[in-house]
Each structure stands twice: as C-alpha cells, then as structure tokens.
Amino acid sequence: MTAREAAAGALRTTADKDTGVAVLTLDRPARHNAIDLETAAALGAAWREFRYDDSVRAIVVTGAGEKAFCTGIDRSVKVPQPDSPYTIDDPLLTIGPKANDLWKPVIAAVNGMACGGAFYLLGEAEFLVADENATFFDPHTTYGMVSAYESVHMAQRMPFGEVARMSLMGTAERVSARRAYETGLVSELTPPGGALPAAVRAAATIASYPTEAVQGTVRSLWSAREASRAHAMAHAPHLIALGNLPPERQAELFESRRGGGFRIR
C-alpha cells in the first residue's frame, strides 16, 4: 500500500493512491476532537484540496481516539459577533464537504460521542458507519442556545420526531448507535473499533467505480434535498440571534451542568 500522510495542526490526512481513498481524521482527542478556529480552517482547506486531487476518489472522515468523533466547537473559542440580528459569524458553516463544493463521496466513521457541531460534518456525509458504543446528542437547549443549523442537518437524515426529541432533550439523553441505526441515521453498526475499517472498505468499493458516474450520483442525491435545506438554513441566523442567551449566561449554565447525568436511549 502506498500512502500520503499530511498533518495540519489538529487535522490528519492519509491518502491511499492504490484504492483512491483518503481518511481525514480530527486529531484532538484530549479535547474530544472539538473544533477550534485552526481546525475549522484546516477542514475547509482539506475539502477544497480534495477537489483538485484526482488520485482521491472517496473520503472517510473520523475522529482520533475512542471517546469522541467530534463534540462540536471548542468551548474555549471566542467568536466575536456583529451587533445585528441579520448576520452571524459561525466558523463551523464551512467545515463540511458540500459547503466547499466537493462532490466526491464522503463516509463518516463515528466512534464515541458525536454531538452539537459534529452534525455539520455528519450532515454533509453521504452515509454514516458507527461503532456500537457511539452516541449522538445535541446539547444546545441545555445551555440556552438554539439548535438551528444542527437540527436542520439532522432533519434531513432522521424522522422528525427523533430529531425533535434529540434537539429538545439536550444533554439529558444520548441516542445510542443502535437507535441511530434503527431510525436510519447510521447505515452500518460495527463492534468497537470497527467503524473506520468498515467505512474504508465501503469507500474503496465506491472509489473503484468510474468517477464521473459516482460524482454525478452524489450530486443527483443532494439535488433532491438542496432546496428544502437551503431554505431552512436561511432562517437559522435569525433564530439563533433571537433565541440564544448571552454568552456569559451560556457559560454559567455550562459550568453548572458539567458532568450532569444522562440516559442512553
């Protein structure tokens, strides 16, 4: 196997030219692979680079370590916001492949926790493979924040009642990988540690097919949902501006609920 490895801060890329599969790994396990500004920029750059690399025909995105795929934006990141209800600066808006106009197939290999801003990545993957110990949840409402972009992404993948419950229950519940599989969010369950190899196998199969047909199929699939997704996304900044608590109040809630109990459904 011939491979190309590159490291960009907290993002690691390995590309196998024999199979045409690249693996993009969020590499901040000590922070549960939370995304800081450097990582957000590196993700956008990586997807754009894949557009021009003809040796890469399919991509797997995953997280380093066993505890988390990704837990969204790093809570230590400070993102200044304009004083207007009509605009919002969200560094996660451009971390996904579709936001960067990449139409090569992307498979997510989910290990451990996937929550909040992780849905920006999962929402733009073609399908998900998950370890049996993976869990999914959306903490926004618990901390006084509107789940807008996250719930829009998940509403494209889950039955309405399931995404509504996950979005509204906050940190009190986590959706098990089994339940995610039952509701269609996850396409394949694997034993712990098996999600990445399974996703790579699927990606290698897809990468072996004529690339024009594969990318055309990806674009066709997304065309079916683009209109409703774009319309919903357009409302997100206003809902966040109207519904979010001030940052200092969010921080108080985060600290007071740190380590709180939850049930796995």
Side-chain angles (χ1 to χ4, degrees), residues 3-4 6 8 10-17 19-27 33 35 39-64 68-70 72 92-111 114 117-131 134 136 149-150 152-154 156-158 180 184-188 190 195-226 229 233:
R4 170 177 57 84
L11 193 66
R12 179 161 38 92
T13 304
T14 303
D16 186 335
K17 292 189 176 181
T19 64
V21 175
V23 176
L24 191 62
T25 304
L26 293 168
D27 197 11
N33 297 318
I35 298 172
T39 308
L43 278 164
W47 298 124
R48 290 191 296 274
E49 287 173 11
F50 285 139
R51 294 171 60 198
Y52 296 95
D53 189 343
D54 292 339
S55 70
V56 173
R57 298 183 295 281
I59 302 104
V60 174
V61 60
T62 193
F69 167 79
C70 174
L92 301 188
L93 280 178
T94 55
I95 65 170
K98 307 305 179 291
N100 288 282
D101 201 32
L102 176 72
W103 301 102
K104 297 181 180 183
V106 176
I107 303 170
V110 183
N111 47 304
F119 298 154
Y120 288 68
L121 285 172
L122 298 183
E124 293 194 4
E126 271 53 71
F127 57 88
L128 281 58
V129 178
D131 286 351
F136 304 83
Y149 294 110
E150 296 82 1
V152 169
H153 278 299
M154 291 299 98
Q156 305 289 316
R157 294 188 170 274
M158 302 169 70
L185 174 60
V186 170
S187 67
E188 181 180 355
T190 68
L196 179 56
V200 169
R201 284 193 299 271
T205 297
I206 296 168
S208 72
Y209 300 151
T211 186
E212 293 84 356
V214 168
Q215 291 186 36
T217 300
V218 170
R219 194 65 185 89
S220 177
L221 287 165
W222 282 86
S223 293
R225 62 170 55 181
E226 275 300 287
R229 190 173 77 116
M233 289 286 200

Point-to-point distance, once rounded to the nearest 0.5 Å, from CZ of F50 to CG of L102:
8.0 Å

How long is the straight-line distance from CD1 of I35 back to CG of L121, given to the nearest 0.5 Å?
5.0 Å

Does the side chain of V200 come within less than 4.5 Å of T19's, by heavy atoms?
no

Report yes if some heavy atom in the side chain of T25 is under 4.5 Å from a heavy atom in the side chain of T14; otherwise report no.
no

Main-chain N/O of R219 paired to S223 side chain as donor or acceptor, under 3.5 Å:
yes

Residue set satisfying salt bridge (Lys or Arg N to Asp or Glu O under 4.0 Å) with D101, at least two apart, ordered chain then number -> R51

Counterpart residues, side-chain contact (heavy atoms from CB on, under 4.5 Å), relative to [X] (two or more places apart):
X	answer
L93	D90, Y120, Y149
R48	A45, N100
A68	H32, T71, M113
N111	T62, F69, D131

Please list all pairs passing the salt bridge (Lys or Arg N to Asp or Glu O under 4.0 Å) test where one or both residues lie in residues 118-127, with sequence neighbours left out.
K98-E126, E124-R229

Please name all residues satisfying side chain to side chain donor-acceptor pair (under 3.5 Å) with T211, sequence neighbours left out, ordered by chain then number.
Q215

Identify each donor-acceptor pair in which a side-chain atom of residues 202-210 lies under 3.5 Å from a protein atom, sequence neighbours left out, and give them as a table.
residue	atom	partner	partner atom	Å
T205	OG1	R201	O	3.2
S208	OG	T205	O	2.6

